Colleague: 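My structure is below; once you've seen it, I'll send some questions.
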Amino acid sequence: MSKIQTLRGMNDLNPQEAKEWSYVEGIIKSMVESYGYEEIRFPIVEKTELYTRSNEIADIVIKEMYTFEDKGGESISLRPEGTAGCVRAAIDNDLLRTDKPRLWYSGPMFRYERPQKGRTRQFHQFSAEVFGHDSPEIDAELIIMSNNLWRNLSIEKDIFLEINNLGSTQSRHLYSASLVDFLTKQKKDFDEDTQRKLKDNPLRILDSKSSAIQEILKDAPSLDDYIDDDSKQYHKKLLSILESAGVEYIENNKLVRGLDYYNQTVFEWKTKLLGSQDTVAGGGRYDGLVAELGGKECPAVGFSIGLERLILLLTQQDKITLNSDLDIYFICQSERATQEAIIIRENLKVDHPSLSIKINLGLESLSSQFKKADKSGASMAIILGEEELERNMLSLKNLRTKSEQELLTFKELTRKLKEL
């Protein structure tokens with residue numbers, strides 16, 4: 001049988017990479033939970049209509065979703081993003097009627113697109129969503145919280161905030177109609193992708209990477225001319241809070257985000273260190289989505305972090321420092337010693353349940369086992385040879401200092417471990 005490899009754009013994580021991911025995810029989780037956010041979990045497979053419900057179809061719905069028919073004949077899709085599923089779960093579990101939940105979730109998303117650096121077909125997001133608050137204070141909380149996260153990860157100088165206000169849903173629609181009128185006159189100069197966006201989601205043209213399109217947009221209607229006064233005041237209050245909190249930002253009136261449900265605040269955290277895949281995190285308000293999915297009118301706001309890009313940035317900047325999870329490495333010089341080590345490990349865990357202990361199960365030479373012990377990152381080695389077995393004792397060696405090896409009884413060892 002020929003070797004089976006992973007699907008294109010879907011990657012494994014080796015043990016070292018998995019440790020790096022767990023380290024970063026742990027820091028993010030600690031941060032959001034310190035602000036009172038609670039975890040929610042929901043399926044990675046949903047009814048396709050959850051993502052195709054809108055009249056203004058997002059790009060991912062048209063060309064990027066993994067959609068198929070199940071054995072019951074129902075159209076289902078792997079989730080291409082998390083917000084819609086989180087809203088559906090909040091409605092189904094009646095979380096919005098009695099509370100204003102602040103939720104977080106993390107996990108894989110799926111989009112069929114050309115894999116490249118920082119972009120994969122199975123990718124992972126860590127997201128926070130808030131329901132029931134319609135004030136700029138909660139928008140500010142999310143932005144300030146993420147700003148503090150970058151500081152905790154030591155990348156605050158490598159990342160910057162862009163922010164915009166799209167106005168109300170009504171003003172966004174008015175602007176969209178005006179933009180379409182303008183762009184339709186230039187339609188002959190557009191490539192196929194831009195022509196599709198013009199038909200399905202014209203605001204996405206604003207953040208086009210094409211220099212030719214950006215040149216055309218210089219004469220396009222301005223979003224600012226269509227923003228209602230309430231939205232302008234809302235945005236002004238938000239910026240004032242951010243300034244008071246010391247959060248630096250860049251106003252970008254062409255920032256729209258890729259999904260069609262946003263209104264009012266939109267923002268992205270970007271970096272100049274990852275090439276074209278420069279957005280590390282982004283989000284905004286989606287006040288109409290809960291009602292659109294069958295719930296009662298409910299304001300909502302959230303953001304998502306692209307974990308692949310964040311971890312790529314962190315490793316590129318050498319910002320991830322991991323300590324070994326292993327405390328003790330057992331070196332055994334015979335089959336009898338290995339069997340005895342298994343029992344000793346279990347007895348040690350009675351008094352020290354949190355100790356991580358690895359037993360070398362191959363009968364290699366002593367020097368080879370010491371090399372493995374050192375490479376493992378363990379703090380200490382316990383050596384069990386014929387002499388130790390005959391005397392019913394164990395040798396303890398600190399692998400991180402130059403201290404002498406000690407010959408100890410089991411009781412002396414447990415006492416020593418408590419001291420350490």
Side-chain angles (χ1 to χ4, degrees), residues 1 3-6 10-30 33 39 41 106-108 122 124 126 307 311 314-315 320-420:
M1 183 177 181
K3 186 172 74 170
I4 299 174
Q5 296 181 315
T6 57
M10 299 187 180
N11 301 325
D12 302 316
L13 293 177
N14 65 41
Q16 177 62 27
E17 291 168 334
K19 286 180 183 179
E20 293 170 352
W21 276 65
S22 293
Y23 168 81
V24 174
E25 289 167 335
I27 291 177
I28 303 173
K29 177 184 174 181
S30 295
E33 291 189 344
E39 184 180 10
R41 299 190 183 196
S106 181
Q122 177 179 306
H124 300 76
F126 196 113
L307 291 177
I311 291 170
L314 288 166
T315 53
I320 299 179
T321 303
L322 299 177
N323 295 318
S324 173
D325 296 327
L326 198 59
D327 296 312
I328 296 171
Y329 194 97
F330 239 116
I331 293 174
C332 306
Q333 292 182 277
S334 67
E335 185 177 335
R336 179 186 166 204
T338 302
Q339 294 170 359
E340 187 68 23
I342 292 171
I343 306 305
I344 293 171
R345 175 171 62 183
E346 298 312 305
N347 290 336
L348 282 174
K349 281 183 169 289
V350 172
D351 291 331
H352 309 277
S354 63
L355 272 181
S356 55
I357 307 171
K358 183 175 183 178
I359 299 173
N360 188 85
L361 297 178
L363 298 179
E364 301 100 336
S365 66
L366 201 60
S367 62
S368 177
Q369 290 190 57
F370 265 111
K371 286 179 182 178
K372 285 187 176 182
D374 188 57
K375 187 178 179 181
S376 75
S379 303
M380 295 166 284
I382 294 177
I383 302 96
L384 197 56
E386 292 306 313
E387 180 184 354
E388 285 84 3
L389 288 171
E390 291 299 321
R391 299 177 62 179
N392 199 24
M393 299 182 81
L394 306 106
S395 293
L396 179 68
K397 173 68 175 176
N398 191 317
L399 296 172
R400 305 303 154 200
T401 68
K402 295 181 179 180
S403 58
E404 292 294 321
Q405 187 170 303
E406 298 179 81
L407 191 62
L408 306 168
T409 65
F410 182 82
K411 284 186 178 181
E412 290 171 336
L413 175 63
T414 56
R415 192 181 309 121
K416 185 83 172 178
L417 290 176
K418 282 182 180 178
E419 294 172 1
L420 293 173

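The structure displayed is predicted, hence computed values, not measured ones.
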Colleague: For Glu387, check salt bridge (Lys or Arg N to Asp or Glu O under 4.0 Å) against everything at least two apart and list the hits.
Modeller: Arg391
Colleague: Using every non-hydrogen atom in the two residues, find where Ala378 and Ser324 come nearest and quote the distance to one decimal.
Modeller: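 Nearest heavy atoms, Ala378 then Ser324: N-OG, 3.9 Å.
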Colleague: Check whether more than 12 heavy atoms from other residues, nucleotides or ligands sit under 6.0 Å from atom CD of Glu346, and answer yes or no.
Modeller: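 Enclosed: over 12 neighbouring heavy atoms sit under 6.0 Å from CD of Glu346.
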Colleague: Within a 6.0 Å radius of atom NZ on Lys349, are there more than 12 heavy atoms belonging to other residues, nucleotides or ligands?
Modeller: yes
Colleague: Contact between Ser106 and Ile28 at the side-chain level, heavy atoms closer than 4.5 Å - yes or no?
Modeller: no
Colleague: Measure from the side-chain N and O atoms of Gln369 to the backbone N and O of Leu366, and report whether any donor-acceptor pair falls under 3.5 Å.
Modeller: no
Colleague: Out of the candidates Thr338, Ile342, Ile357, only one should pair with Phe330 under the side chain to side chain contact (heavy atoms under 4.5 Å, CB included) rule; please name it.
Modeller: Ile357
Colleague: Do Leu314 and Glu20 have side-chain heavy atoms sitting under 4.5 Å apart?
Modeller: no
Colleague: Quick check for you: to the nearest 0.5 Å, what is the distance between Ile343 atom CD1 and Leu348 atom CG?
Modeller: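 It comes to 11.5 Å.
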Colleague: Under the 3.5 angstrom rule, does the side chain of Ser376 hit a backbone N or O of Ala373 as a donor-acceptor pair?
Modeller: yes
Colleague: Does a sphere of radius 6.0 Å around CD in Glu335 hold more than 12 heavy atoms from other residues, nucleotides or ligands, not counting ones at 6.0 Å or beyond?
Modeller: no
Colleague: Nearest 0.5 Å please: distance from the CD1 atom of Ile328 over to the CG atom of Leu355.
Modeller: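 Reported to 0.5 Å precision, the distance equals 5.0 Å.
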Colleague: List the atom of Gln405, the atom of Ser395, and the distance in Å for their closest heavy-atom pair.
Modeller: NE2-CB, 3.4 Å
Colleague: Measure the spacing between NE2 of His124 and CG of Asn11 and express it to the nearest 0.5 Å.
Modeller: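 Output value for this atom pair is 9.5 Å.
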Colleague: Should the pair Arg336-Glu390 be classified as a salt bridge under the 4.0 Å nitrogen-to-oxygen rule?
Modeller: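 Answer for the salt bridge query: yes.
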Colleague: Asn360 versus Ile331: any side-chain heavy-atom pair under 4.5 Å?
Modeller: no
Colleague: Please say whether more than 12 non-hydrogen atoms of neighbouring residues, nucleotides or ligands are located less than 6.0 Å from NZ in Lys397.
Modeller: yes
Colleague: Which atom names give the shortest non-hydrogen contact between Ser334 and Leu389, and what distance separates them?
Modeller: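 In terms of heavy atoms, the two residues are closest at OG-CD1, 4.2 Å.
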Colleague: Any luck finding a side-chain donor-acceptor pair between Asp327 and Ser379 under 3.5 Å?
Modeller: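 No, no side-chain donor-acceptor contact under 3.5 Å.
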Colleague: Tell me the closest heavy-atom pair linking Phe126 and Glu25, and the distance in Å.
Modeller: CE1-O, 4.2 Å
Colleague: Kindly write out the residues that satisfy salt bridge (Lys or Arg N to Asp or Glu O under 4.0 Å) with Asp374, not counting sequence neighbours, or none if the list is empty.
Modeller: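 With neighbours one apart ignored, the set is Arg400.
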Colleague: Test Ile383 against Gln333 for side-chain contact (heavy atoms from CB on, under 4.5 Å), laying out the working first.
Modeller: CA-CA 8 Å; Ile383 302 96; Gln333 292 182 277; 4.2 Å; yes
Colleague: Checking Lys372 now: which residues fulfil salt bridge (Lys or Arg N to Asp or Glu O under 4.0 Å) with it, not counting sequence neighbours?
Modeller: Glu364
Colleague: At what distance, to the nearest 0.5 angstrom, does CH2 of Trp21 lie from CG of Leu13?
Modeller: 5.5 Å
Colleague: Got more than 12 heavy atoms from elsewhere within 6.0 Å of CG, Asn392?
Modeller: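 Not more than 12 within 6.0 Å, no.
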Colleague: Is the closest side-chain heavy-atom distance between Glu340 and Glu388 below 4.5 Å?
Modeller: no
Colleague: Counting only N and O atoms by type, is there a donor-acceptor contact under 3.5 Å from the side chain of Thr414 to the main-chain atoms of Lys411?
Modeller: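 Such a contact is found between Thr414 side chain and Lys411 backbone.
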Colleague: I need the Lys358 NZ to Arg345 CZ distance, nearest 0.5 Å.
Modeller: 10.5 Å
Colleague: For a 4.5 angstrom cut-off between non-hydrogen side-chain atoms, does Ile382 reach Ile344?
Modeller: no
Colleague: Measuring from atom OH of Tyr23 to atom CG of Asn323, what distance do you get when rounded to the nearest 0.5 angstrom?
Modeller: 9.0 Å
Colleague: Could you check Leu322 against Gln16 for side-chain contact (heavy atoms from CB on, under 4.5 Å), going step by step and ending with a plain yes or no?
Modeller: CA-CA 9 Å; Leu322 299 177; Gln16 177 62 27; 3.5 Å; yes
Colleague: If you define the side chain from C-beta out and look only at heavy atoms, does anything of Ile311 sit under 4.5 Å from Glu17?
Modeller: no
